[in-house]
Each structure stands twice: as C-alpha cells, then as structure tokens.
Asks: 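The structure that follows is given in the form of structure tokens.
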Amino acid sequence: MANRNFNRVQALDKEVKHIYGYFDVGATGAPTLSASLSVGVKSVARTSAGKYTITLGSVGGSTDKYSKLLMFSCILEDDTHHGANGGVGFQLDTDSTSGSVSSNHKIQSGLVHFMALQEDGTSAEIKNGDSVRFHIVVKNSNQPGVGVN
C-alpha cells in the first residue's frame, strides 16, 4: 500500500459523499457484490434483464438515504468486445415502483436504479463473468452549496 499523505476531496457543495462499488455478474445475470470493495453499498439486485438496483447502506444494516444524487457512472470489466451484450453504456432507469426518473435524482429511498446498454442503445443483459465497477456521488445534506441562493 502506498504510504502517502492524502487530503480530503473538496467540493463547492456541502456534505458531498463518494461511494464506490464492485460486483461480478453470474450466469443468470445475478450480481455478487464485493462488500470489501463496496463500502456504503448494502446490496445490488438484478430487477430484470440488464436492469439493476443498488441499495445504499451497510451489508446487514439499515438503508442509507440521501437528499440528492449528484452523479452515477459505471465501467465494465470484460476480456473481449462486448458490443452485442450489455455494458457498452449505462443509464439511470426509472424507479420501478413510481415510474419516475426524478426519483433517482433525490434517492431519498436509498436506491439507485440503472440499466446496461448494448451498442444500439437498447437494454441488454451483462455477460456471465463480467464485473462492474460503479461510482456514486450523493449529497448528504439539505444545505445549499457555496454560491447558491
């Protein structure tokens, strides 16, 4: 491990939190969360082909709720071109219970819904054996950021 003096991440907005996660995809598309590489993530579930829900919190603990989703990104680990399979791109998905994309921007329920896309932009299952790394940035406060009226 590097022996360095790291400083805190700074943002103009108040109480910004970065959550990183990692999961493997199995033969049925089911994700297996790596808890040691996913601090702040309670679970990942496959809701349908190529669609997943990340629940924020701690494994075995309560769900963490945040006031706003600031950013979400994913990258796929695969040893071959995966254009015919999901993972070329990712996008936020509607909340399956409310049908509203806006629920993703507030994530007050502690959930992030997303889908894997193939080259033509349609949703598709991620291949067996692939791994997904994700980065979620959330706001942990209702206080406005610097310069916001």
Asks: Measuring from atom CG of L37 to atom OG of S131, what distance do you get when rounded to the nearest 0.5 angstrom?
Replies: 10.0 Å
Asks: Counting C-beta onward and ignoring hydrogens, is there a side-chain heavy-atom pair between L70 and K68 closer than 4.5 Å?
Replies: yes
Asks: Give a yes or no answer on whether the side chain of E77 reaches the backbone of D130 with a donor-acceptor pair at less than 3.5 Å.
Replies: no
Asks: Do you know the tightest heavy-atom contact between A124 and Q118?
Replies: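 Smallest heavy-atom distance, with atoms named: CB-OE1, 3.6 Å.
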Asks: Roughly how far, to the nearest 0.5 Å, is the NZ atom of K51 from the CD atom of Q91?
Replies: 8.5 Å
Asks: To the nearest 0.5 Å, how far apart are CG in N140 and OH in Y66?
Replies: 6.0 Å
Asks: Could you list the residues that satisfy salt bridge (Lys or Arg N to Asp or Glu O under 4.0 Å) with K42, not counting sequence neighbours?
Replies: none
Asks: Minimum heavy-atom separation for T53 to T47, with atom names?
Replies: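 Heavy atoms of T53 and T47 come nearest at OG1-CG2, 3.3 Å.
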Asks: So with a 6.0 Å cut-off around NZ of K65, is the heavy-atom count from everything else above 12?
Replies: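 No - once you tally the heavy atoms of other residues, nucleotides and ligands closer than 6.0 Å, there are 12 at most.
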Asks: Answer yes or no: is there a side-chain heavy-atom contact under 4.5 Å between I19 and D64?
Replies: no
Asks: I need the minimum non-hydrogen distance between S38 and G21, along with the two atoms involved.
Replies: OG-CA, 3.4 Å
Asks: I need the minimum non-hydrogen distance between G26 and N128, along with the two atoms involved.
Replies: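 In this case the closest contact between G26 and N128 is C-OD1, 3.2 Å.
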Asks: Starting at CG of L56, measure out to CD1 of I107 and round the result to the nearest 0.5 Å.
Replies: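 The distance works out to 5.0 Å.
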Asks: Tell me, which pairs form a ring-ring contact (aromatic ring centres under 6.0 Å, His included) where one or both residues lie in residues 117-139, sequence neighbours left out?
Replies: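 Pairs touching residues 117-139 that pass the test: H18-H135, Y20-H135.
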Asks: List the steps, then state whether side-chain contact (heavy atoms from CB on, under 4.5 Å) holds for F90 with I126.
Replies: CA-CA 11 Å; F90 295 91; I126 298 173; 4.1 Å; yes
Asks: Can you tell me how far apart OG1 (T55) and OH (Y52) are? Round to the nearest 0.5 Å.
Replies: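 The OG1 atom of T55 sits 14.5 Å away from the OH atom of Y52.
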Asks: Going only through I, L, V, M, F, W and Y residues with side-chain contacts under 4.5 Å, is there a path from V137 to Y22?
Replies: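 The answer is no; the residues belong to distinct hydrophobic clusters.
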Asks: Return the CZ to OG distance between R133 and S34, rounded to the nearest 0.5 Å.
Replies: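 It comes to 9.0 Å.
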Asks: For P31 and V44, work out which heavy atoms get closest and say how close.
Replies: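 In terms of heavy atoms, the two residues are closest at CG-O, 3.4 Å.
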Asks: Would you check if the side chain of T63 reaches a backbone N or O of G57 as a donor-acceptor pair within less than 3.5 Å?
Replies: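 Between the backbone of G57 and the side chain of T63 there is no qualifying donor-acceptor contact (under 3.5 Å).
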